[in-house]
Amino acid sequence: MANGLNPIAFLTRTRRPGRIDITDILSWVWLIGGTLIVLIPVVWAGLSSLKPAAEITRFPPSLLPHAAVQKSVPGFEQPLSLWNVTIDGQQKQMAMVRRIGLKAQMVDPDKPGPPISVDVKEMTQVQRLTVATENFTDPLTRFDFLTFLKNSVFVTVVATLMTLIVNALAAFALSKYKFRGEKAIFLLIISTLMIPLTVIMVPAYLVVVGVGLVDNLWGIIIPTVASPTGVFLLRQYMLTIPDELIEAARVDAASEFRIFWRIVLPLTAPALAVLAIFSVLWRWNDFLWPLIVLSSRDHFTLQVGLNSFQGEFSVQWNYILAMTFLSLAPVTVVFLFLQKYITTGIAGTGMK
Amino acid sequence: MGDLKLTNLNKAYGALAVLHDINLTIEDGEFVVFVGPSGCGKSTLLRVIAGLEDITSGGIDMSGRDVRQLSPAERKIAMVFQSYALYPHMSVRKNLAFGLENLRFKREEIESRIAEAARMLAIEPYLERKPRQLSGGQRQRVAIGRAIVREPDIFLFDEPLSNLDAALRVQTRAEITKLHRDIKTTMIYVTHDQVEAMTMADKIVVLNAGRIEQVGSPLDLFDHPRNLFVAGFLGSPRMNIFKGKVVSRSAEGVVIDLGYAQYLTAKVDPSSVSDGQPVLAGVRPAHFKVSSQGLPFIVQYYESLGTETYVYGTLEGQSEQVIIHQPGHFAPQVGERLTIAPAEGRLHVFDPQTSLAVPNFGEVRRVA
Amino acid sequence: MAARSISSLGDRLLDGVMSIVEAPINGFERLMGRKRMPYLFLAPNLVLFGIFTFLPIAIAVGYAFTGGTGLFVTERPFVGFDNFRQLLSCENYLEPGSCKESLFWTAIWNTLWFVSFNVTATLLVALTTALILNRAIAGRGFFRAMFFYPVLLSPVVIGLIWKWFLDRNGLLNAFLQMLGVPPEIFLLEVGWSRFFVVVVSVWCHMGFYTLILLAGLQAIPKDLYEAASIDAASPRRTLFRITLPLLAPNLLVVLILLMIRSVQIFDEAWVLTNGGGPGTANSFIVQYIYQMAFGSDLRLFGLASAASVLMGLVLLCLTLVQLKLGKKMES
């Protein structure tokens, strides 16, 4: 225990069974603290997205989504809000007609008579746990959210399928054939790994304009289909498929393309799955490139649309957060089910 | 039909030549074994015949047609690979069907051929299993079955038994031989195991460093090796080779001086050697007999296998090891001096310059 | 049974589709021979690479030397090094206001500060987390997944979630109020906004680097630690003499990757700070390029390309350093 508080000791000690020392405690503090820091902003946004518009900006905020209880009272057109009021030392539920300064005018909702004036200090609002489903339904029905969603799904699905096919074909050629220029082509493809989009986004945009795909979903699908990461990942995997299998298929009268899709493709399934997961995540989350290429609302993807919403409803956080949640949900579900695949895939390939 | 003719065939990878001027004729229905040490080009030759590798020059004709431009399937061959190369994601049935589907056979025809092959190879219970659920021997059968359903003109086997354990190897060897007897299709079989070659082949092709050393029936090769390589490669333990010199020639034969006053008389054509010419004399261990006359042999140690005995030693005064093989129980003393003599007609003489065998009396020098 | 017949129906459907697809490809094979097939298989990939990667690289360099607002080369006058002169002429490089293109230099300084803080913070947090996760600790898989989760979120989602968390009426201010600290509009204050851009960046990327470092730690043979403990090495010596030296190649990869990616900071900061605010406090280099080229009606493609080329050169240098050091480490 002499160096129990030494941070280095704390970082390197391995736990011994039956002996808990300070390093274990600090480790747990770090891990649990970190988990909270990861979770709190997300969960907070999630809880907030369930709150009605009137509640969301209340400060200090309540943890769970509440809404004021309202009741229609005979003689009043609008429903009135219910309050717990103490009158003559008696607890009573009253409906508020209006509020003037520090006084509020209340009526008994069951026996509406002339309004009684009540000190605002003596009253608390009656609230009930409510989920503001309109935060989710409104964007789906009134705004363009459904269009954005449709565009994002289209881009993600089509681009992922194309990414798998185009890169698997290239990886097949680069792993199972010997031909002139093989090495040069492989190096050429791999060298583009080092060229980030941000460096070529201006000329890439010009090319997209040149081929007439600007403000078009295909303009964000096609340019990123050929992926050096994808080629590399698939090629390394295909190299492990024995060449004798390919030869056996040739003896079995299979055409080269048939060898590809009946033999090599099924055997590459694990690597294809990893690439598919990544491709889905890349496409679903992609922001800068769609932001540049897409200009009309009809073509916005979810991310671009979400970004444009926050400019428009700068105060309507209830909508923004609800839509944020809708776009985050699929990623979270994918992660929950494929967590192992994703983390081992990243550790194995160093890609992101 | 399944006959094959290779003429002046050459194959090189860049500057590295792997097959030199191969000429070979294989008759329809023959079981031919390519044998040789690893790296001798036997697998390359098989793959060239299969159409999996291009050739640099020369001709390949099957049943009279030039197949150089044809794909493996068009050559009507089927192949059993060393690793079996079963498609791991397909059931046994699908493995067997794949080639036939590619050739657009009718469903019923495919089914009946699979049923026939499965019956012949006793793999019916496994048809719905994946290859990884099978034992080595079962995989081997499926690999053969995949070749059978194609009903090819020529079967090609690339060291198919090398992944099996010893007992299974003997059994499968017999089964392949039986299969050949049953279907009578040409088979070409590559192995580095001379026992497989000797037991299975109608015709053995011995290859070394990309060249054919000798072609012939197993016993022909065993009894009349054309050169030192074939003599040493076939037969286990290896043939004993003695350095010597021709001292006299007569109608009786040629007398060879092995040094230390030890002589052997070989029944070779006296006109094919000259006096004083250095020669190599070869005798297989089994062809030495213990007799009253002959070479003095000092026993170093021996190995008794019960049915036979190998005795290791040297010729008196010499240091090179000599092995002799005796049937049954034989228990010499270590250090004992025996007299040994080659059996009648079992002494081979080679010219060290050309490595070629010197022909026996009345024998024409054999050409490969 | 039903499921089986549906799946076999699906198989047959796929077979049908594929037999249509494969017909022309097999035709090509019969016509051109097996040896030319790899070229056909590579063709789609190479065409796409050529058009959308190699062509842009060529254009980027060319456009940096042109001016005007036209889109296509023919509409753009050649201006030589004018764009670079515009970007680089400065009376005092430490004082962005004195530069001709003050926005560019503000962006550069902002980026430099961001890179230095972000790289340090991310590296420390990721290394600490990886070292802890490498201990035999219960629930390791859970924590690893937890720390990794933000890596998968989109930058827009991350920006919005944090913006709400840091809002005037957000949870952080509520918490501070409980402690008696007056609320603060964090994202409208220069110092705080810069601080939180780094926090958010660490928050959403550290999981990735933790994973790489953890993989490196787990590759260190266990018997080294056993030998060290038999040699009675102190934990401090074990860390500095065994763990860190053996982790060095991974640390280096992480360091360079972090630098390369930090230089390109854009999206989550853009959403979080409403486009680099307050003022230009969080305006970074990629944002500068984006705004010059697409952000206004000006469409200064020449200037943006020149800035891209400069950034590309910096990234290239970093990559080359990585490759060089990587080779050295290997040998």
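Numbered from 1 within each chain, the chains take letters A, B, ... in sequence-line order.
- The shortest side-chain heavy-atom distance between A:L31 and C:L133 falls under the 4.5 Å cut-off.
- When heavy atoms are compared at a cutoff of 4.5 Å, C:V125 approaches chain A by way of both its backbone and its side chain.
- If you tally non-hydrogen atom pairs under 4.5 Å between each of A:V304, A:V225, A:V209 and chain C, the highest count goes to A:V209.
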- Task: Walk me through it: do C:T129 and A:W30 pass the test side chain to side chain donor-acceptor pair (under 3.5 Å)?
- Result: CA-CA 8 Å; C:T129 312; A:W30 176 275; 3.1 Å; yes
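- With a 4.5 angstrom heavy-atom cutoff, C:R144 touches chain A only via side-chain atoms.
- Looking at C:N45, the atoms closer than 4.5 Å to chain A (heavy atoms on both sides) sit in the backbone and in the side chain alike.
- By the 4.5 Å heavy-atom criterion applied to side chains, C:Y63 and A:P203 are not counted as neighbours.
- Residue contact with chain C, scored on non-hydrogen atoms closer than 4.5 Å, is absent for A:F325.
- Contact of A:Y177 with chain C is made through the side chain alone, with heavy-atom distances under 4.5 Å.
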Report the C-alpha distance between C:V157 and A:Q303 in whole Å, list the side-chain angles of each, state the deciding distance to 0.1 Å, and finish with yes or no for side chain to side chain contact (heavy atoms under 4.5 Å, CB included).
-> CA-CA 8 Å; C:V157 163; A:Q303 308 302 332; 4.2 Å; yes
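- Under the 4.5 Å side-chain criterion, counting only non-hydrogen atoms from C-beta, C:V286 is in contact with A:M201.
- Of the atoms belonging to C:M37, it is side-chain heavy atoms, and not backbone ones, that fall under 4.5 Å from chain A.
- Here the shortest heavy-atom pairing between C:I57 and A:I200 reads CG1-CG2, 3.9 Å.
- Distance CD1/C:I161 to CG/A:L321: 8.5 Å, rounded to 0.5 Å.
- In this structure, the portion of A:V231 lying under 4.5 Å from any heavy atom of chain C is its side chain and not its backbone.
- The line from CZ of C:R34 to CD1 of A:I259 is 8.0 Å long, rounded to the nearest 0.5 Å.
- Distance check: A:W289 CH2 to C:D267 CG gives 14.0 Å after rounding to the nearest 0.5 Å.
- Contacts of C:A60 with chain A are made by both backbone and side-chain atoms, with heavy-atom separations under 4.5 Å.
- In this structure the side chain of C:F165 reaches within 4.5 angstrom of the side chain of A:I40, judged on heavy atoms.
- The two residues A:N285 and C:L153 come nearest to each other via the heavy atoms ND2-C, 3.7 Å.
- Counting non-hydrogen atoms of neighbouring residues, nucleotides and ligands closer than 6.0 angstrom, the NZ atom of C:K222 exceeds 12 such neighbours.
- Ring pair A:F335/C:Y149 is tilted by interplanar angle, where 30° to 60° counts as tilted.
- The distance between the ring centers of C:F143 and A:W28 falls below 6.0 angstrom.
- Separating the CD1 atom in C:I158 from the CZ atom in A:F287 is a distance of 12.0 Å, to the nearest 0.5 Å.
- The part of C:F54 that comes within reach of chain A is its side chain, from C-beta onward, which places non-hydrogen atoms under 4.5 angstrom from that chain.
- Residues A:W261 and C:E22 are in side-chain contact: their nearest non-hydrogen atoms beyond the backbone lie under 4.5 Å apart.
- Heavy-atom distances place both the backbone and the side chain of C:L171 under 4.5 Å from chain A.
- Of the atoms belonging to C:Y225, not a single heavy atom falls under 4.5 Å from chain A.
- For C:F294, the part lying near chain A is the side chain, with the backbone staying farther off; criterion is any non-hydrogen pair under 4.5 Å.
- With a 4.5 angstrom heavy-atom cutoff, C:E29 touches chain A only via side-chain atoms.
- Rounding to the nearest 0.5 Å gives a distance of 5.5 Å between CZ of C:F41 and CZ of A:F172.
- There is no contact between A:L336 and chain C, counting heavy-atom distances below 4.5 Å.
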Q: Would you please test C:M18 and A:R262 for side chain to side chain contact (heavy atoms under 4.5 Å, CB included) and show each step?
A: CA-CA 10 Å; C:M18 288 315 289; A:R262 286 291 302 272; over 6 Å; no
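- You'll find the side chain of C:Y290 reaches within 4.5 Å of the side chain of A:I292, heavy atoms only.
- Among all heavy-atom pairs drawn from A:V199 and C:S308, the shortest one is O-CB, 3.3 Å.
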(Q) For A:R180 and C:Y39: C-alpha separation, side-chain torsions, deciding distance, then whether side chain to side chain contact (heavy atoms under 4.5 Å, CB included) applies. (A) CA-CA 10 Å; A:R180 195 194 293 267; C:Y39 297 106; 3.6 Å; yes
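- Chain A forms the most heavy-atom pairs under 4.5 Å with one residue out of C:W164, C:W270, C:F52, and that residue is C:W164.
- The most heavy-atom pairs under 4.5 Å with chain C, out of A:A170, A:P223, A:A173, A:S48, come from A:P223.
- Residue A:L302: no heavy atom, backbone or side chain, is found under 4.5 Å from chain C.
- Here the shortest heavy-atom pairing between C:I132 and A:S27 reads CG2-CB, 3.8 Å.
- Ranked by non-hydrogen atom pairs under 4.5 Å with chain C, the options A:P228, A:A168, A:S327 are led by A:P228.
- With a 4.5 Å cut-off on non-hydrogen atoms, C:L160 touches chain A through its backbone and its side chain both.
- Chain C forms more heavy-atom pairs under 4.5 Å with one residue of A:L206, A:I165, A:I189, A:V42 than with any other, namely A:L206.
- In this structure, chain A has a heavy atom under 4.5 Å from the side chain of C:W162, while its backbone stays farther away.
- For C:L127, no part lies under 4.5 angstrom from a heavy atom of chain A.
- Taken to the nearest 0.5 Å, the CG atom of C:L48 stands 9.5 Å off from the OG1 atom of A:T224.
- Chain A forms the most heavy-atom pairs under 4.5 Å with one residue out of C:P44, C:A293, C:A145, and that residue is C:A145.
- C:W203 places a side-chain N or O within donor-acceptor distance of the main-chain N or O of A:I37, the cut-off being under 3.5 Å.
- Residue A:R258 touches chain C through both its backbone and its side chain, counting heavy-atom pairs closer than 4.5 Å.
- You'll find the side chain of C:I289 reaches within 4.5 Å of the side chain of A:V202, heavy atoms only.
- A:L281 touches chain C through its side chain: at least one heavy atom from C-beta onward sits under 4.5 Å away, while N, CA, C and O do not.
- Contact of A:D286 with chain C is not made at all, since no heavy-atom distance falls under 4.5 Å.
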Could you walk me through whether C:L40 and A:F257 pass the side chain to side chain contact (heavy atoms under 4.5 Å, CB included) test, one step at a time?
CA-CA 10 Å; C:L40 183 70; A:F257 183 68; over 6 Å; no
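- Using a 4.5 Å heavy-atom threshold, the side chains of C:R135 and A:D24 count as touching.
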